[in-house]
Engineer: 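Below you'll find the structure I mean.
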Amino acid sequence: MGAARDRRAIDLFTASYQLAIGNKPSLLVIILTVDGELATVLVPIRDADMETVSLSLNPNFIAMLQEARARVKTEGGISLEQLKQELSELL
C-alpha cells in the first residue's frame with residue numbers, strides 16, 4: 001500500500017473518537033481539519049524521547065545549530081583528538 005493511500009483526512013470530532021478507540025497510532029497519520037481547513041497533523045514518532053522532539057521543534061535551538069554550522073564552515077572546527085585533549089584537561 002502506497003503512502004498516499006495510507007493518509008486519511010478526518011474532521012476534528014472524528015479524530016477524537018478515532019484516537020480514543022486506539023487505531024494503531026504508530027501506523028496512522030492523522031490530519032485534523034476545522035471547517036475543511038488544515039489545523040494540525042499528528043504523525044508517529046519512533047526512536048525519540050520528549051527532549052529530542054522538543055529540541056527539534058524549538059526555533060531557538062534550531063537557530064543555534066544553524067549558526068554553529070555556519071561558523072564551522074567559515075572558521076573551521078577542531079579535530080576529535082583536540083576535543084579529547086581539551087576535555088581531559090577539564091577533568
Side-chain angles (χ1 to χ4, degrees):
M1 188 178 292
R5 288 182 278 173
D6 293 340
R7 295 184 200 147
R8 294 182 226 167
I10 53 180
D11 185 67
L12 184 59
F13 297 105
T14 306
S16 299
Y17 175 74
Q18 199 160 1
L19 287 172
I21 61 172
N23 264 353
K24 295 184 182 179
S26 64
L27 304 174
L28 185 63
V29 173
I30 298 175
I31 300 170
L32 303 177
T33 60
V34 175
D35 297 327
E37 296 292 321
L38 180 64
T40 193
V41 178
L42 301 175
V43 295
I45 298 174
R46 295 187 180 109
D47 301 323
D49 56 23
M50 284 292 280
E51 184 177 14
T52 301
V53 172
S54 177
L55 287 174
S56 71
L57 298 172
N58 182 313
N60 294 329
F61 184 74
I62 293 168
M64 183 183 72
L65 289 177
Q66 290 172 335
E67 289 169 13
R69 288 180 182 132
R71 191 170 48 250
V72 167
K73 284 184 180 180
T74 59
E75 300 172 16
I78 64 172
S79 69
L80 180 57
E81 288 305 316
Q82 186 178 356
L83 176 63
K84 286 179 183 179
Q85 181 180 349
E86 289 181 20
L87 290 175
S88 69
E89 291 170 4
L90 292 175
L91 300 175

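These numbers come from the heavy atoms of this one structure, side chains and all, not from hydrogens, waters or symmetry mates.
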Engineer: Which distance, rounded to the nearest 0.5 Å, do you find between the CG of Leu83 and the CD1 of Ile78?
Structural biologist: 4.5 Å
Engineer: Grab the two heavy atoms, one from Val53 and one from Ala48, that are nearest each other, plus how far apart they are.
Structural biologist: CG2-CB, 4.1 Å
Engineer: With a 6.0 Å cut-off (strictly less than), is the heavy-atom count around CD of Glu51, excluding the residue itself, greater than 12?
Structural biologist: no
Engineer: Grouping I, L, V, M, F, W and Y whenever their side-chain heavy atoms are under 4.5 Å apart, do Leu55 and Leu65 come out in a common cluster?
Structural biologist: yes
Engineer: Counting only N and O atoms by type, is there a donor-acceptor contact under 3.5 Å from the side chain of Asp35 to the main-chain atoms of Glu37?
Structural biologist: no
Engineer: Taking all non-hydrogen atoms of both residues into account, name the closest pair between Ser56 and Ile62 and its distance.
Structural biologist: O-CD1, 3.3 Å
Engineer: Under 4.5 Å between side-chain heavy atoms, counting indirect links through other Ile/Leu/Val/Met/Phe/Trp/Tyr residues: same cluster for Leu57 and Ile45 or not?
Structural biologist: yes
Engineer: Please check this pair: side chain of Thr74 against backbone of Ala70, looking for a donor-acceptor N/O pair closer than 3.5 Å.
Structural biologist: yes
Engineer: Just verifying a value: how many Å separate Glu86 CD and Lys84 NZ, rounded to the nearest 0.5 Å?
Structural biologist: 13.5 Å
Engineer: When you compare the side chain of Gln85 with that of Glu89, does any pair of heavy atoms fall below 4.5 Å?
Structural biologist: yes
Engineer: Taking only residues two or more places apart in sequence or in another chain, which ones pass side-chain hydrogen bond (donor to acceptor under 3.5 Å, both in side chains) with Asp49?
Structural biologist: Thr52
